[in-house]
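Every heavy atom of this structure was used, including side-chain atoms; hydrogens, water molecules and symmetry mates were not. We're numbering straight along the sequence, starting at 1.
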Amino acid sequence: ALIRSSLLSVAGSILVGIGATLLWLVLQNGSFAETASPEEGALAIGAMTLAAALRSILMVLAQATLLEGWLSLRNVATAGHAAGAVLVTVLWLLIDDSYWALPMGWLCSGVIFTPICLVWFAAQSRRSTHIIRGHHPLRWGRFAGLRTVNTIVAAAVLQGDRWIVALIGGPAVLAIYEVAWRFAALPRTLVQALSLHVGADVAGMVRGQGGAALEIVRRTTVLV
């Protein structure tokens with residue numbers, strides 16, 4: 001199930017990358033034409049596509065480790081991967097002031113953390129004697145289709161304003177807009193992160209475990 005879920009996630013990332021490459025050809029008619037050549041733009045999108053594919057594997061792994069209660073591995077697959085991307089991006093910018101810092105940050109971090117987490121998961125699975133296994137049949141085609149539609153709709157809703165700003169104002173205005181948007185959305189992002197983590201961690205609890213649930217809320221609040 002882990003392998004099939006990872007393959008589906010990787011396939012989704014590749015499809016999005018192909019779509020982004022086609023959209024890049026449209027952007028070549030705008031102000032982005034001065035930023036990079038068609039070949040360089042396609043390479044940057046390709047690097048980000050591969051980075052997204054690796055990240056999707058880590059997200060599948062994070063869900064599996066959540067079911068097993070392997071929180072250390074889950075934290076490495078999520079927070080470790082993100083921190084690694086930030087570190088590589090900053091170092092890249094110090095060496096070369098280029099937009100390549102973003103795709104290469106995620107790509108390098110994914111190349112480092114994906115094999116580490118997969119080996120860790122395999123070792124943990126061999127040592128564990130109580131692996132939780134699903135008992136409900138999953139229609140993979142329906143799952144993949146619904147996830148694809150969900151991702152496309154979410155991308156259109158959440159990223160549509162970026163495309164408009166980029167087409168009208170160009171890369172510089174888009175960069176300013178992106179920074180401003182992230183600061184403006186920070187409270188919502190923190191609340192979402194808190195609710196998602198707490199909801200996932202307490203999902204398996206039953207009545208009488210209120211103390212443990214409160215401890216999870218306190219610990220997650222500190223992390224967020």
Side-chain angles (χ1 to χ4, degrees), residues 6 9-60 62 76-117 148 150-190 192-193:
S6 298
S9 297
V10 168
S13 299
I14 293 175
L15 286 176
V16 172
I18 293 174
T21 303
L22 296 176
L23 287 173
W24 164 249
L25 299 178
V26 177
L27 283 176
Q28 279 295 301
N29 297 323
S31 56
F32 270 84
E34 303 173 0
T35 306
S37 65
E39 295 78 14
E40 186 180 9
L43 284 174
I45 295 174
M48 199 66 210
T49 299
L50 180 56
L54 293 174
R55 182 178 183 274
S56 71
I57 296 176
L58 289 173
M59 292 302 99
V60 171
V76 170
T78 53
H81 176 234
V86 171
L87 178 61
V88 174
T89 299
V90 171
L91 292 176
W92 194 285
L93 285 173
L94 292 175
I95 299 172
D96 179 24
D97 188 9
S98 166
Y99 65 82
W100 274 97
L102 181 60
M104 294 309 296
W106 283 109
L107 180 57
C108 292
S109 182
V111 169
I112 293 172
F113 280 92
T114 302
I116 291 176
C117 291
T148 301
N150 174 73
T151 302
I152 293 174
V153 172
V157 172
L158 298 176
Q159 303 293 330
D161 53 342
R162 272 80 160 182
W163 287 98
I164 295 172
V165 171
L167 287 170
I168 295 176
V173 176
L174 176 60
I176 296 172
Y177 177 84
E178 182 69 22
V179 172
W181 183 91
R182 289 190 180 278
F183 275 105
L186 190 57
R188 185 201 68 182
T189 303
L190 293 175
Q192 285 180 333

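Proximity of Thr89 to Met104: side-chain heavy atoms (C-beta onward) are nowhere separated by under 4.5 Å. Using a 4.5 Å cut-off on side-chain heavy atoms (C-beta onward), Arg162 and Leu174 make contact. Residues Glu40 and Tyr99 form a side-chain contact, since some pair of their non-hydrogen atoms from C-beta on lies under 4.5 Å apart.
Of the possible polar contacts, none joining the Ser6 side chain to the Ile57 backbone as a donor-acceptor pair under 3.5 Å is found. In this structure, the side chain of Thr21 does not engage the main chain of Ala42 through any donor-acceptor pair within 3.5 Å.
Summarising the geometry, atom CZ belonging to Arg55 is positioned 14.0 Å from atom CG belonging to Leu107; distances are rounded to the nearest 0.5 Å. Annotation: the span from Ile18 atom CD1 to Ser13 atom OG amounts to 11.0 Å, rounded to 0.5 Å. Distance check, rounded to the nearest 0.5 Å: CG of Leu54 to OG1 of Thr49 gives 11.0 Å.
Heavy atoms of other residues, nucleotides or ligands lying less than 6.0 angstrom from CH2 of Trp92 number 12 at most.
The heavy-atom pair separating Val76 from Cys117 by the smallest distance is CG1-SG, 3.8 Å. Heavy-atom minimum distance, Pro103 versus Ala51: O-CB, 4.3 Å. A pairwise comparison of heavy atoms in Gly17 and Ile45 identifies O-CG2, 3.7 Å as the closest pair. Here the shortest heavy-atom pairing between Pro115 and Gly110 reads CD-O, 4.0 Å. Here the closest non-hydrogen pair linking Thr78 and Ala62 is CG2-CB, 3.8 Å.
Remark: Asp161 engages Tyr177 in a side-chain hydrogen bond (donor to acceptor under 3.5 Å, both in side chains) (not counting sequence neighbours).
Of the candidates Ile95, Asp97, Val90, Leu93 forms a side-chain contact (heavy atoms from CB on, under 4.5 Å) with just one, namely Asp97.
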